[in-house]
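Structure first, commentary second.
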Amino acid sequence: RAKETGKARALVYSPALAGPPQHDISLEAAMFQAVREGEFLLYYQPIVDAHTREIQGFETLMRWKHPTLGMVPPARFIPIAETNGLINLLGAWALKAACVQLKQFEEVAKRSLYISVNISPRQFRNDKFLDVLDDAIAFSGLLGEQLVLEITEGTLMIDPVHAESILSKMAERKARIAIDDFGTGYSSLAYLKRFPISVLKIDRTFIRDLPGSAKDGAICNAVLDLAKHLDLSVVAEGVETEEQLQYLEERGCQYIQGYLTGKPMAANVALAALKESIHAKLVPAELRQVAQ
Ligand code: C2E
Ligand code: MG
Ligand code: MG
Ligand code: MG
């Protein structure tokens, strides 16, 4: 009897049914302290060309380096920041800092790159969002087209009329919109027609079991086909093996992001990776000069 009650309770209180999860109050208090202490930082994960593996851009991923807890993953702190509104402050900082950082990446790489930044639902709906965007572009001196803003299907669906107006204003600034975790949200494909979207990021859960899973293969193929006909770029997320990369590349996936081609890294590590890639390219030219 007691066991039965226990089971019923477990069902009633399962996170999916109980609404928003209960947040850890002490973690929340620590977050405000962390903002004052400057404990948040940005990591950068390369997005590479599937064929050449050359870095085309980076996704900015926020990290919280707590003095005693260590690295707190965004899956733990972003939902809290989303609930208490701190995401507006953190998100504005991340956007501006990432744009400035991209300038330094470009100086070292000696070519044009792009930066992809996650925008949470609350940030997207915030009145000040377009000002924050304009400030980041103006302050850094980036071109709008070098900026990709990652939003989820859910963000678009909360208020499609408002979303349409914000997206058209982003498009005026030439910033591109990527749908993050594509295929995992509750939405209809009609929004691909309605909104000015440029990039689909295939969620990691569809990549993980490639090339063995026929179902995941079918989903990836369908997304690639859809993207081709709608003239959208595709980034495959969470690519961890050569087999996955090869499978995707053979099917026309142009961009790859995953541990195989680069984990999220601190800015100085990303700079070193960019430097190394120029050296790798310079070698043959220098050898040619020596030979002449
Ligand atoms: P996301 O935007 O879908 O980011 C991709 C996540 O996949 C990152 O997790 C990244 O580290 C992870 N990942 C990349 N390649 C691989 C791989 O090959 N294998 C595996 N297992 N994982 C891989 P991370 O950094 O923990 O971020 C989790 C989520 O937190 C992000 O998912 C995003 O939704 C959110 N987030 C991170 N930074 C920010 C931010 O600055 N602002 C907002 N609003 N959300 C952020
Ligand atoms: Mg993302
Ligand atoms: Mg994603
Ligand atoms: Mg994801």
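We count ligands from 1, going down the list as the structure has it; atoms in each ligand are counted the same way. Quick note: numbers below take in every heavy atom, side chains included, and nothing from hydrogens, waters or symmetry partners. Starting from 1, each residue takes its place in the sequence as its number. In this text the structure is predicted, and so the values were computed from the model without any measurement.
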Among the N, O or S atoms of D181, the one nearest the Mg ion (ligand 3) =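 Answer by atom name: OD1.
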Atom name, E237 (N, O or S, nearest to the Mg ion (ligand 3)) =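 Minimum-distance N/O/S atom of E237 relative to the Mg ion (ligand 3) is OE2.
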Out of the N/O/S atoms in [X], what is the name of the one closest to the Mg ion (ligand 2)?
X    : result
E59  : OE2
D180 : OD2
E150 : OE1

Could you go through the ring-ring contact (aromatic ring centres under 6.0 Å, His included) check for F77 and F40 one step at a time?
-> CA-CA 11 Å; F77 70 79; F40 289 96; 5.4 Å; yes
Taking both backbone and side-chain atoms of [X], is any N or O found less than 3.5 Å from an N or O belonging to ligand 1?
X    : result
M62  : yes
Q257 : no
D181 : yes

Side chain, backbone, both or neither: which part of [X] has a heavy atom under 4.0 Å from ligand 1?
X    : value
P264 : side chain
K263 : neither
N118 : both
R63  : side chain
V117 : neither
K201 : neither

Short N-O contact, R125 and D159, less than 4.0 angstrom |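 A salt bridge is absent here (no side-chain N lies under 4.0 Å from a carboxylate O).
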Residues K96, D135: salt bridge by 4.0 Å N-O rule =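 Between D135 and K96 there is a salt bridge, with a charged N closer than 4.0 Å to a carboxylate O.
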Assess G238 for proximity to ligand 1: is some non-hydrogen atom of it under 4.0 Å away?
->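 Contact present.
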Cluster check V199, L232: I/L/V/M/F/W/Y, side chain < 4.5 angstrom |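 As far as the 4.5 Å side-chain criterion goes, L232 and V199 are not connected within one cluster.
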Below 4.0 angstrom from a heavy atom of [X], which ligand 1 atoms are there? Numbered from 1 as shown, please.
X    : result
R204 : 7 (O), 19 (N), 20 (C), 21 (N), 22 (N), 23 (C)
E237 : 3 (O)
E240 : 17 (C), 18 (O), 19 (N), 20 (C), 21 (N)
G258 : 15 (N), 18 (O)
S120 : 44 (N)
Q45  : 14 (C), 15 (N)

Validation row: V239, T261 side chains within 4.5 angstrom (heavy atoms) =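 No, their side chains stay 4.5 Å or more apart.
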Indicate yes or no: at least one non-hydrogen side-chain atom of R63 is less than 4.5 angstrom from one of P73.
->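 They are not in side-chain contact.
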Does R204 count as lying over the ring of F206, i.e. NZ or CZ under 6.0 Å from the six-ring centre, within 45 degrees of the axis?
->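 No, a cation-pi geometry is absent between R204 and F206.
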Do we get R111 above F105's six-membered ring, with its NZ or CZ under 6.0 Å from the centre and within 45° of the axis?
->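 Relative to the ring axis of F105, which defines the angle, R111 lies outside at least one limit.
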S116 N/O/S atom closer than 2.8 Å to the Mg ion (ligand 2) =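 Coordinating: no.
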For V100, what are the other residues in its hydrophobic cluster, where any two members join if their side-chain heavy atoms are less than 4.5 angstrom apart?
->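 Traced through the cluster, V100 reaches F139.
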Shared-cluster residues of M71, by chain and number - hydrophobic side chains joined below 4.5 Å |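 L41, Y43, all in the cluster of M71.
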Is the H66 ring parallel, tilted or perpendicular to the W64 ring (thresholds 30°, 60°)?
->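 Plane angle over 60°, so perpendicular.
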Parallel, tilted or perpendicular, as decided by the 30° and 60° cut-offs, for the rings of F124 and H162 =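 H162 and F124: perpendicular rings.
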When you measure from the side chain of Q104 to the backbone N and O of Q101, does any donor-acceptor pair fall under 3.5 Å?
->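 Checking the backbone N and O of Q101 against the side chain of Q104, no donor-acceptor pair under 3.5 Å is found.
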For atom 4 (O) of ligand 1, which candidate among L61, T152, T241 holds the nearest heavy atom?
->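 It is L61 that holds the nearest heavy atom.
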For residues E59 and N118, is any side-chain donor paired with an opposing acceptor at under 3.5 Å?
->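 Looking only at side-chain atoms, N118 and E59 do form a donor-acceptor pair, the distance falling under 3.5 Å.
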